[in-house]
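So you know, we letter chains A, B, ... as the sequences are listed, proteins then strands, and number each from 1.
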There are 2 protein chains.
Amino acid sequence: MSHSPNAEALTQRLADSGLRATPQREVVYDVLLQKRDHPTADEVFARVKSEMPTISLATVYNCLETLVQCDLVRAVNFERGPTRYCPNLRPHAHFHDEKTGRTYDIELPPAILQTVNTVLPSGFDASSVEITFRGQASAKVANRE
Amino acid sequence: MSHSPNAEALTQRLADSGLRATPQREVVYDVLLQKRDHPTADEVFARVKSEMPTISLATVYNCLETLVQCDLVRAVNFERGPTRYCPNLRPHAHFHDEKTGRTYDIELPPAILQTVNTVLPSGFDASSVEITFRGQASAKVANRE
DNA sequence: AGTACGAATTAGAATAATTCTAAGAAGCCA
DNA sequence: TGGCTTCTTAGAATTATTCTAATTCGTACT
């Protein structure tokens, strides 16, 4: 009963890779799901500490790496600076607001991915595509969050 | 007569931003154009030193930053690790070969950019898009370079 | 229940990439 | 030439991440 609602899915995915569902991994995954911005490892560390004060930063890095390996979380790098983590697994692009520094997920219709893939000359076999927009989001959008 | 063929364009662009065309900036820009892979600042530093042994790493960082500001060079970050620099100004995507670590430029027909922009909900105003593929390039492609 | 063994966590040291600082050199123009 | 600003430089500082080696945990056997 102390399990978070995501614990089962997490346990399953980890088991698929021969890994254990530890309390640290659960709490790291939970904080990512709770606030779906795109936190850095440090920010995750700060949030996790309030629930589990004894956790170490190294463990947060380890857990995030593990979650990325299991395809439960995406690591995102669009500018120089710390890696950010994103628990949204559906195909989506990112919109980076240059004024506020905030990052939004933009859902992608499957058709667009196919279209984008047509630009690849023969000989290039892509397993994934990443699309990142930069620009300005209106105040309306900013408040929605 | 000691000018590189790109010196004029460089001087012009810098002047537009109220900046000077220094020997350091010229040589940094030149090495980027000479070998159109996607070098890190350290790699640029190594190449530049053979032409200008007294240049410092800090200056290479400064010059690269300046060139990016003037839109003569693009800074690229697709994975955790050092920023890479790319003198290709035409709209293009990147293909990152996961086996070799090599990065290829993929030319983009203008139409595709418009199509991609249609995925943005209202309220998002993009000034640029970045598209990055990950996957495998065939041996044929690898040799072409 | 006890123990053996691999997996996971931890603190702190180490490394890598980048930025900062303060001093000096170079270019420009009155 | 003198004075102002821009640029470069070396080295220190900072930031993000990874590594190391020592513990702890979990599971599975007895």
Side-chain angles (χ1 to χ4, degrees), chain A residues 2-3 7 10-11 13-31 38-49 51-70 72-73 75-85 101, chain B residues 2-3 7 10-11 13-31 38-49 51-70 72-73 75-85 101:
Chain A
S2 70
H3 279 323
L10 175 67
T11 303
R13 278 297 184 93
L14 287 166
D16 291 349
S17 308
L19 302 169
R20 293 187 203 143
T22 66
Q24 289 84 349
R25 285 170 180 170
E26 285 184 18
V27 69
V28 166
Y29 189 46
D30 277 355
V31 306
H38 296 76
T40 64
D42 257 346
E43 285 162 355
V44 171
F45 182 47
R47 293 177 198 177
V48 161
K49 265 205 295 204
E51 293 188 49
M52 184 184 275
T54 60
I55 201 170
S56 76
L57 178 58
T59 299
V60 170
Y61 272 102
N62 291 341
C63 291
L64 288 169
E65 176 64 14
T66 300
L67 295 174
V68 169
Q69 295 307 302
C70 299
L72 283 160
V73 166
V76 183
N77 289 90
F78 19 65
E79 49 185 355
R80 91 193 60 178
T83 298
R84 296 177 170 277
Y85 297 88
Chain B
S2 70
H3 279 320
L10 174 67
T11 303
R13 277 298 184 93
L14 288 167
D16 291 349
S17 307
L19 302 169
R20 293 185 202 144
T22 65
Q24 288 86 348
R25 285 171 181 169
E26 285 184 17
V27 70
V28 166
Y29 189 46
D30 277 355
V31 305
H38 296 75
T40 64
D42 258 346
E43 286 162 355
V44 171
F45 182 47
R47 294 176 198 178
V48 160
K49 265 205 295 204
E51 294 188 48
M52 185 185 275
T54 61
I55 198 170
S56 76
L57 178 57
T59 299
V60 170
Y61 272 103
N62 291 341
C63 291
L64 288 169
E65 176 63 13
T66 300
L67 295 173
V68 169
Q69 294 307 302
C70 300
L72 283 160
V73 166
V76 184
N77 289 90
F78 19 65
E79 49 186 354
R80 91 191 60 176
T83 298
R84 295 176 171 277
Y85 296 88

Using the side-chain heavy atoms of A/R80, tell me which of these nucleotides is nearest: D/dA16, C/dT19, C/dA17.
C/dT19
Relative to the 5' end of DNA chain D, which residue comes earlier, A/L57 or B/L19, by the nucleotide with the nearest heavy atom?
B/L19
Contact under 4.0 Å: B/T83 side-chain N or O vs C/dT18 OP1/OP2
yes
Roughly how many Å is it from CZ in A/R20 to P in C/dA8, rounded to a whole number?
5 Å
Could you tell me the separation between the CD atom of B/E43 and the P atom of C/dA16, rounded to a whole number of Å?
14 Å
B/E26 CD to D/dT8 P, straight-line distance once rounded to whole Å
11 Å
Given C/dT10, D/dT8, D/dT17, identify the nucleotide with an atom nearest to the side chain of B/T59.
D/dT8
Identify whether any heavy atom of A/T40 sits under 4.0 Å from a base atom; if not, whether one sits that close to sugar-phosphate; answer base, sugar-phosphate or nothing.
nothing
Just by modelled atom types, is the B/C63 backbone N or O under 3.5 Å from a matching donor or acceptor in the B/R25 side chain?
no
Separation of D/dT17 P from A/F45 CZ (nearest whole Å)
14 Å
Given D/dA16, C/dA11, C/dT18, identify the nucleotide with an atom nearest to the side chain of A/P82.
D/dA16
So, A/R13 side chain and A/C70 main chain: donor-acceptor pair closer than 3.5 Å or not?
yes
Considering only D/dT8, D/dA10, C/dT9, which nucleotide approaches the side chain of B/N62 most closely?
D/dT8
Taking the minimum atom-to-atom distance to the side chain of A/Q24, which one of D/dT8, C/dT10, D/dA16 wins?
C/dT10
Using whole Å, what does the distance between atom P of nucleotide D/dT24 and atom CE of A/M52 come to?
17 Å
Round to a whole Å and report the spacing from CZ of B/R25 to P of C/dG27.
13 Å
Return the value, rounded to whole Å, for the distance between atom CG of A/L64 and atom P of C/dT9.
12 Å
With A/V27, the side chain to side chain contact (heavy atoms under 4.5 Å, CB included) member among A/V48, A/V60, A/T22:
A/V48
From OH of B/Y61 over to C1' of C/dT18, roughly how many Å is that when rounded to an integer?
5 Å
Compare the minimum distances between each of D/dA16, C/dA11, D/dA10 and the side chain of A/S56, then state the nucleotide with the smallest one.
C/dA11
Quick one: does B/T59's side chain have a donor or acceptor within less than 3.5 Å of a partner on B/I55's backbone?
no
My understanding is that only residues two or more places apart in sequence, or in another chain, count here; which of them pass side chain to side chain contact (heavy atoms under 4.5 Å, CB included) with A/E65?
A/Q69, B/R80
